[in-house]
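The next block holds one structure in the form of structure tokens; read it before the comments.
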Amino acid sequence: MSAQESMEHAEHAEHASGENKRIALLIAVIALCLALSETLGKGAQTESIAKNVEASNLWAFFQAKSIRRTTVQTAAEQTKLALPSEEAAKAAAQKQIDDWQKTAARYRSEPETGEGTEQLSERAKHAEEERDLATAKYHHFELASAAFQIGIVLASATIITGIVALAWISGLLTLAGVVVAVFGIFAPHALHLAL
């Protein structure tokens, strides 16, 4: 090998080494984006599950209160139909009816404790909205993570194959992943993802 061929080979190796360093840096940046996206995704997934459990519990409590209210109202209605004729018994029965009706009204609305059926229904609906928001965020982060993972694979393939177009595609996928993750953070309902 001549001196000139040797120098050309050294220049080519140096150029390839510089390219590989840039690709390695690209991979590191994509890996960082992936780690952030995965962390945000797991947080959103956990919140979605917690809000789903909360909504289910609130709806179960709502149903229990509704059943109690119906039972008390039915007892009051039946007692009205079977009112005794004696004044003292009639007064006692009417007092019981009034107590049951107050209890039924309390089961319907209990703003001081937030445990009336009206309040439980609102709380359950709010928990469902929070669950849906967390689920939408989770879907965005999952899609962003997929873009980052594919980007890492393509960037790695660039080092092996030397096909620079793969690095460009990797960079575009990374940008797309960042955009989707940003939507997940700030506007998760803006993009309707069906995952």
Side-chain angles (χ1 to χ4, degrees), residues 32-150 173 176-195:
L32 174 64
C33 291
L34 175 62
L36 292 172
S37 180
E38 287 289 325
T39 300
L40 291 170
K42 291 302 174 194
Q45 183 182 37
T46 301
E47 182 179 355
S48 175
I49 291 168
K51 291 302 177 181
N52 192 46
V53 169
E54 180 183 349
S56 294
N57 287 343
L58 289 168
W59 282 120
F61 197 15
F62 170 87
Q63 288 175 323
K65 284 277 189 159
S66 295
I67 291 168
R68 287 186 211 151
R69 188 180 80 241
T70 302
T71 302
V72 169
Q73 285 174 328
T74 302
E77 300 286 326
Q78 285 179 335
T79 305
K80 278 183 188 177
L81 294 174
L83 276 176
S85 57
E86 298 175 22
E87 265 323 296
K90 193 173 186 177
Q94 188 59 50
K95 182 185 178 315
Q96 184 61 57
I97 290 169
D98 292 342
D99 287 347
W100 281 334
Q101 287 176 334
K102 286 178 188 172
T103 299
R106 191 185 80 234
Y107 287 157
R108 179 178 260 330
S109 180
E110 215 172 346
E112 60 278 353
T113 64
E115 293 182 353
T117 54
E118 292 174 354
Q119 292 80 24
L120 289 170
S121 173
E122 288 304 311
R123 287 172 52 200
K125 288 175 186 175
H126 181 69
E128 286 176 335
E129 289 170 5
E130 289 179 336
R131 175 206 58 205
D132 293 344
L133 177 65
T135 300
K137 287 180 177 183
Y138 171 69
H139 288 161
H140 281 77
F141 298 139
E142 282 292 300
L143 188 59
S145 293
F148 297 142
Q149 290 171 354
I150 294 168
L173 279 170
V178 168
V179 168
V180 171
V182 167
F183 269 102
I185 294 168
F186 297 110
H189 290 300
L191 295 176
H192 298 287
L193 303 175
L195 296 177

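To the nearest 0.5 angstrom, Gln78 atom CD is 12.5 Å from Gln73 atom CD. With values rounded to the nearest 0.5 angstrom, His189 atom NE2 is found 4.5 Å from Leu133 atom CG. Considering CD of Glu47 and OG1 of Thr135, their distance stands at 9.0 Å, rounded to 0.5 Å. Note: Leu40 CG to Leu36 CG = 6.5 Å, rounded to the nearest 0.5 Å. With rounding to the nearest 0.5 angstrom, the CD atom of Gln45 is 9.0 Å from the NE2 atom of His139. Of the inter-residue distances, the one linking Phe61 atom CZ with Ser66 atom OG reads 11.0 Å to the nearest 0.5 angstrom.
Within the 4.5 Å cutoff, no side-chain heavy atoms of Lys137 are placed close to those of His140.
Nearest heavy atom pair, residue Ala127 against residue Leu58, reads CB-CD1, 4.5 Å. Smallest separation of non-hydrogen atoms from Ser109 and Gln119: OG-NE2, 3.2 Å. In terms of heavy-atom proximity, Ala147 sits nearest to Gly177 at CB-CA, 4.0 Å. Taking each heavy atom of Phe148 and Ser37 in turn, the nearest pair found is CE1-CB, 3.7 Å.
A donor-acceptor contact shorter than 3.5 Å is absent between the side chain of Arg131 and the backbone of Ala55. Between the side chain of Ser145 and the backbone N or O of Phe141, at least one donor-acceptor pair lies under 3.5 Å. Of the possible polar contacts, none joining the Ser48 side chain to the Ala44 backbone as a donor-acceptor pair under 3.5 Å is found.
For Glu54 and Lys51, the salt-bridge test passes: some basic side-chain N is under 4.0 Å from an acidic carboxylate O. Using a cutoff of 4.0 Å between basic side-chain nitrogens and carboxylate oxygens, Asp99 and Lys95 are scored as salt-bridged.
Judged as a ring-ring contact (aromatic ring centres under 6.0 Å, His included), and not counting sequence neighbours, the contacts of Phe62 are Trp59.
Applying the salt bridge (charged side-chain N to carboxylate O under 4.0 Å, His left out) test to pairs two or more places apart or on separate chains, those with a residue in residues 61-77 are Lys65-Glu110. Applying the ring-ring contact (aromatic ring centres under 6.0 Å, His included) definition to pairs two or more places apart or across chains, none involves residues 85-129.
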